[in-house]
Amino acid sequence: MEDIFQWCKEGNALQVRVWLDEPEHDMNQGDDHGFSPLHWAAMKGHNKIVEMLLLRGARVNATNRGDDTPLHLAAAHGHREIVHMLLRQRADLNFTNEHGNTPLHYACFWGYNEIAEDLVHHGTKVAIANKYGETALDKCAKGTLAKSLHDIAVESGQDLKKITFKDQSWLGMKTRSRDATLSRHKGINFKELELKRKIADTHSGVTYVGRWQNNDIVAKILKIRDVTPRISRDFNEEFPKLRIFSHPNILPVIGCCNSPPNLIVISQYLPLGSLYNVLHEGSGGIVVDTAQALRFAIDVAKGMAFLHSLERTIPEYFLNSRHVIIEEDLTARINMADAKFSFQEKGRIYYPAWMSPEGLQKKIADRNWEASDMWSFAILLWELATREVPFADQSPMEVGMRIALEGLRISIKPGIPAHLTKLIRICMNEDPGRRPTFDQIIPILDRMTH
């Protein structure tokens, strides 16, 4: 395997950029110690590589095996500019590692006064104590720094009462860098799969939760009546296009198992399930307020913008809330395992409520897929705003017929904010050519969050 970690250590920005341009490469994978490429670049002080990784969507709060985030490493090694880059990307200032230390503890211990002051100005709490009962101020070698940080904290209204260490690792709040084995494999031996529990039985396949090489996985056994040699060949050609590891809002297919009569698509298991589960079935007990709904919308828009930027076409993909998976840190990711292969039930649409009128009426070759996806996104926005299932009182067949032939449309309810109502209407313009692109609406959604 090409050593992305070594290039990040050495500062080989050109090689890193070439590597990142390949969708199959996972920038959030970890090495044997759980260090992601961003961890190494932040630790070694390679500004250009850090900037590049952050622009591509590297996870700013991913942790290594010692629960250090990239901000811990940048602060501990005196890389002030990188600290600022991470802060601009909303790095968690008060995140504690396995010793209970925040990035501020390290900046104080190593005497990086400017970084320490920057962190407190940005909101790092000076009263957080580590496992040994020491606050960052206790780590200051010079009394003048401790006094300066104390004064900044007082000015900004911080409560200076000591915050004692609590081990919260059991809460599952940490976002570990991903196991690199997930992105290395393509063909997987059926005998290596341990299928434990059936979680879904749909028109397209039967889905199980299981284990593979010590990773929790989801295995979807496609429902194909007769796996001919041609279908088996097409499956081998098409599934690699779903191994998109290079974007934080895409959930890639890890690999496949082609052992007729079984064709199996394998992806990472995320316990919260789909956006549909979270919104309508209370998965994880998550309260989706307006701010969280907008964050989900931005994640989906970024993922779709990335899919539309790829020159190669993936197997058919239909955007709806069932096909968006939610991570434990509440990142929304478009599930590539829900793409439809060329040999699967042609012309059958099972969730027409999210489909554009022209998507229901026209042949695949005659559709503007980007515009059709934008209509689906508008329905998703409506769903996030109302917490309702579109056309839940009608059968899918009835919904599809009425959208395509009778002008059935979602009704914009009075409670939806005016700016969101306007965006929904723009995204579902009856003229596909007048709908915006995902690149155009991401800045609009971003502004709504501020």
Side-chain angles (χ1 to χ4, degrees), residues 8-9 11 35-55 58-64 66-166 168 173-175 329 446 449-450:
C8 287
K9 288 180 205 176
F35 280 69
S36 68
L38 183 59
H39 277 97
W40 280 117
M43 180 176 171
K44 295 294 184 180
H46 299 309
N47 297 18
K48 278 187 179 176
I49 295 177
V50 169
E51 186 178 19
M52 198 187 310
L53 289 165
L54 291 173
L55 279 171
R59 296 191 134 177
V60 72
N61 291 316
T63 59
N64 62 15
D67 288 334
D68 297 302
T69 65
L71 186 59
H72 279 94
L73 302 179
H77 291 83
H79 304 308
R80 190 181 183 195
E81 196 174 329
I82 290 174
V83 166
H84 281 258
M85 286 186 210
L86 296 168
L87 293 179
R88 284 195 292 274
Q89 294 298 316
R90 300 180 188 176
D92 189 339
L93 291 152
N94 296 303
F95 198 94
T96 56
N97 64 10
E98 65 181 1
H99 302 290
N101 290 323
T102 64
L104 182 62
H105 277 85
Y106 292 109
C108 289
F109 179 78
W110 293 108
Y112 296 119
N113 297 15
E114 290 178 326
I115 290 176
E117 290 176 356
D118 292 342
L119 289 169
V120 180
H121 275 301
H122 278 83
T124 299
K125 295 175 182 172
V126 300
I128 294 174
N130 63 17
K131 265 186 180 178
Y132 318 103
E134 301 164 313
T135 67
L137 302 188
D138 297 327
K139 290 288 190 183
C140 295
K142 298 174 185 173
T144 53
L145 177 59
K147 184 177 186 314
S148 168
L149 298 178
H150 175 275
D151 292 346
I152 295 167
V154 169
E155 277 175 38
S156 57
Q158 282 195 29
D159 182 354
L160 298 185
K161 185 182 175 187
K162 188 180 277 193
I163 301 165
T164 54
F165 174 77
K166 286 180 185 171
Q168 294 190 312
M173 299 296 283
K174 302 195 189 296
T175 306
D329 66 357
D446 268 329
T449 63
H450 298 308

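These numbers were taken from a predicted model, which means no experiment stands behind them.
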Going by heavy atoms in the side chains, are Leu86 and Leu54 under 4.5 Å from each other?
-> yes

Inspect the surroundings of NZ in Lys125 and state if more than 12 heavy atoms from other residues, nucleotides or ligands are less than 6.0 Å away.
-> no

Note, His121 side chain near Ile152 side chain (heavy atom, < 4.5 Å) | yes

Could you verify whether a donor N or O on one side chain and an acceptor N or O on the other, from Asp138 and Thr135, lie under 3.5 Å apart?
-> yes

Side-chain heavy atoms of Val83 within contact of His79, under 4.5 Å | no

Got Asp92 and Leu71 here, is their nearest side-chain heavy-atom distance under 4.5 Å?
-> no

Heavy-atom distance under 4.5 Å between the side chains of Asn64 and His72, does that happen here?
-> no

Closest non-hydrogen atom pair, Lys161 against Ala127 | O-CB, 3.3 Å

Closest heavy-atom pair, Ala41 versus Ile82, reported as atoms and distance to 0.1 Å, is O-CD1, 3.9 Å

Side chains of Val60 and Thr69: does their closest heavy-atom pair fall under 4.5 Å?
-> no

Minimum side-chain heavy-atom gap Asp68-Met43 below 4.5 Å | no

Is it the case that Tyr106 and Asn97 place a side-chain donor and acceptor less than 3.5 Å from each other?
-> yes

State, without any angle test, whether His84 and Asp118 hold a side-chain donor-acceptor pair at a distance under 3.5 Å.
-> yes

Is the closest side-chain heavy-atom distance between Thr96 and His105 below 4.5 Å?
-> no

